[in-house]
Participant: 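Got a structure here, written out as structure tokens. Questions coming.
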Amino acid sequence: MEAHNGLSAKLAQEAGFEALWASGLAISAALGVRDNNEASWTQVLEVLEFMSDASSLPILLDGDTGYGNFNNARRLVRKLEQRNIAGVCLEDKLFPKTNSFIDGEKQLLAAVDEFCGKIRAAKDTQRDPDFVLVARTEAFIAGWGLEEALLRATAYAESGADAILVHSKRKDSEEVLNFIEHWSNAVPVVIVPTKYPTEPLSRFTRKGIYNFIFANHSLRTVISALQENLRKLRESADLMSIEESIAPVEEIFRLQDVQELKQSEKRYLPESESRARALVLAASKGDFGHLVQDRPKCMLYLRGKPILSWQFEAFRRQGINTIGVVRGYCKDAVDFAGLQYFDNDRYRETGELYSLYTAREFLKGDILIAYGDIVFDDIILQNLLAHPGKIKIGVDASWKVRRRTDLRRDLVVTTGAFTPIGDNCCKLISAGSRVDREEATGEWIGLLFLEKEKTARVAQLLDEMAAREPETLKKGELSHLLNRLVENGETVTAAFSYGHWQDLDEEQDLLSAEHAPGI
Ligand code: SPV
Ligand code: MG
């Protein structure tokens, strides 16, 4: 079966063919050039390399004239063997050749002696005893009769050819059958029934011919299908006009064996993937006036992309690839691929704790919980993840110098305060609205990291709240949860950093974030 690239080679194998014909016509046409040796022989070799990698079938290269004299032909054989190509077919024309179906009679044949020398040189060069040389005579194509065809075929077989390809452009198989009738059977015969497709192959098998080359039928299939669908698409400008008749994208992935790469990545890549997952609480609308008419604030654009995108990219840079988002207001506007979504449809009357509880099933393993309205530099996450502790919060020590006019709801008091040279491992004492501004040691950034066992603890706390304090669960903020953990004797570690983040509560925040350093 003809193949002209890696994909068609693979498809021919899947269809059950036993061998591939690396057709000069099809390869040149697929490269967009003529079948006149316009593609150099090394360019053909490159195509072959892909075909050889894509399929385990034996490949017979249509080697034209061998791209020169005996010397070129033997170098070709060496290079083909290096690429696992099973054999080459050389034809008795002159370089540069022309396709047999174009002005065949005007084409000059190689001198028999010269061509026999080429065959001998090729056979002497092969290292693999199974490498096959098919000698192709164009005697009929060039208008010579049976006598010339037989004379040439006999000389070629005597020079070491493993098979004879006898080509004909007649619409019936008369020439070919005639040849077979008189052939000595010194070596097997190969035929290319392109021009006599109505002849059943059984006509030839009855005469002892078993080698058929379907020389260009993949390429012609591709051309017809492409022409039809491209025309339809151009005329209709409607993707649905062809959607049902084309392979799904998943089929491309299957043919590319994407699965294998995924498995190998697990075996060979260092474990860059973090075990942790991330959950973003992004249900609220936000005080952004007309800007949030059709989207929640987490989908507002900052330097060309939504706030959430900045977060996902930051997570992924730390190897956190399992990401969940709690949506609420305008949930349909939050539609990134590859994320898990949880919908808090009661976002109007509920708070952060309720949103967290909406994603109850996601609360397992190590988890990073983030507000949906913050952007931060990588250093913030790195700092938080690197700190020791099973429950950690990111705390900003620069809050006093930030030019905020609003009263912060996320101030914290900790056992110590940030110092530029300390290890900055303080414990949370309390957080949120109950913190006195004068006492505060920092501002909670809106990032909470829980190690596996503490995630389970938090999930349990939420379950208890749902059962016993539904109002707290409904209205509570995350700082409430932090305080509850501290009250229960848990150590909540404050991982201090200085600046390099921005919360986005109002339009002015968006504007200042445009110029914020480090984000
Ligand atoms: C080819 O497929 O390139 C061939 C066969 O050589 S034919 O086009 O019939 O000459
Ligand atoms: Mg050819």
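Indexing begins at 1, ligand by ligand and atom by atom, following the structure's order. The figures here come from the full heavy-atom set of this structure, side chains too, leaving out hydrogens, waters and symmetry mates. Remember, predicted model here, so these are calculated numbers, not experimental data.
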Participant: Which heavy atom of Ile141 sits nearest a heavy atom of Ser100, and at what distance?
Facilitator: CG2-O, 3.4 Å

Participant: Provide the number and element of each atom of ligand 1 under 4.0 Å from a heavy atom of Ser100.
Facilitator: 10 (O)

Participant: Considering distance alone, does some N or O of Gly24 sit under 3.5 Å from an N or O of ligand 1?
Facilitator: yes

Participant: Measuring from the heavy atoms of His167, does anything fall under 4.0 Å of ligand 1?
Facilitator: yes

Participant: State whether Phe101 and Lys195 meet the cation-pi test: NZ (Lys) or CZ (Arg) under 6.0 Å from the six-membered ring centroid, and within 45° of the perpendicular axis.
Facilitator: yes

Participant: Is there a polar contact, in the sense of an N or O pair closer than 3.5 Å, between Thr194 and ligand 1?
Facilitator: no

Participant: Within ligand 1, which atoms have a heavy atom of Ala215 less than 4.0 Å away?
Facilitator: 2 (O)

Participant: Determine, for Phe115 and Arg152, whether the Lys NZ or Arg CZ falls below 6.0 Å from the six-membered ring centre while staying within 45 degrees of the axis.
Facilitator: no

Participant: Indicate the atoms forming the closest heavy-atom contact of Glu38 with Gln43, along with that distance.
Facilitator: O-OE1, 4.4 Å

Participant: Would you say ligand 1 has an N or O under 3.5 Å from any N or O of Phe101?
Facilitator: no

Participant: How does Arg136 reach ligand 1, if at all, at less than 4.0 Å between non-hydrogen atoms: by side chain, backbone, both, or neither?
Facilitator: side chain

Participant: Which pair of non-hydrogen atoms, one from Thr65 and one from Lys97, has the smallest distance, and what is that distance?
Facilitator: CG2-CB, 4.1 Å

Participant: Could you say whether the N/O atoms of Ser23 and ligand 1 ever approach to under 3.5 Å?
Facilitator: yes

Participant: Thr455 and Leu363: which non-hydrogen atoms are nearest, and at how many Å?
Facilitator: CG2-C, 3.5 Å

Participant: State the atom name: nearest N, O or S atom of Asp62 to the Mg ion (ligand 2).
Facilitator: OD2

Participant: Please confirm whether Asp62 comes under 4.0 Å of ligand 1, counting heavy atoms of the residue only.
Facilitator: yes

Participant: Search all heavy atoms of Pro296 against all heavy atoms of Ala333 and return the closest pair with its distance.
Facilitator: CD-CB, 4.0 Å

Participant: At a non-hydrogen distance cut-off of under 4.0 Å, which region of Asn99 contacts ligand 1 (side chain, backbone, both, or neither)?
Facilitator: side chain

Participant: Among Gln382, Gln502, His500, which residue meets the side-chain hydrogen bond (donor to acceptor under 3.5 Å, both in side chains) test with Asp377?
Facilitator: His500

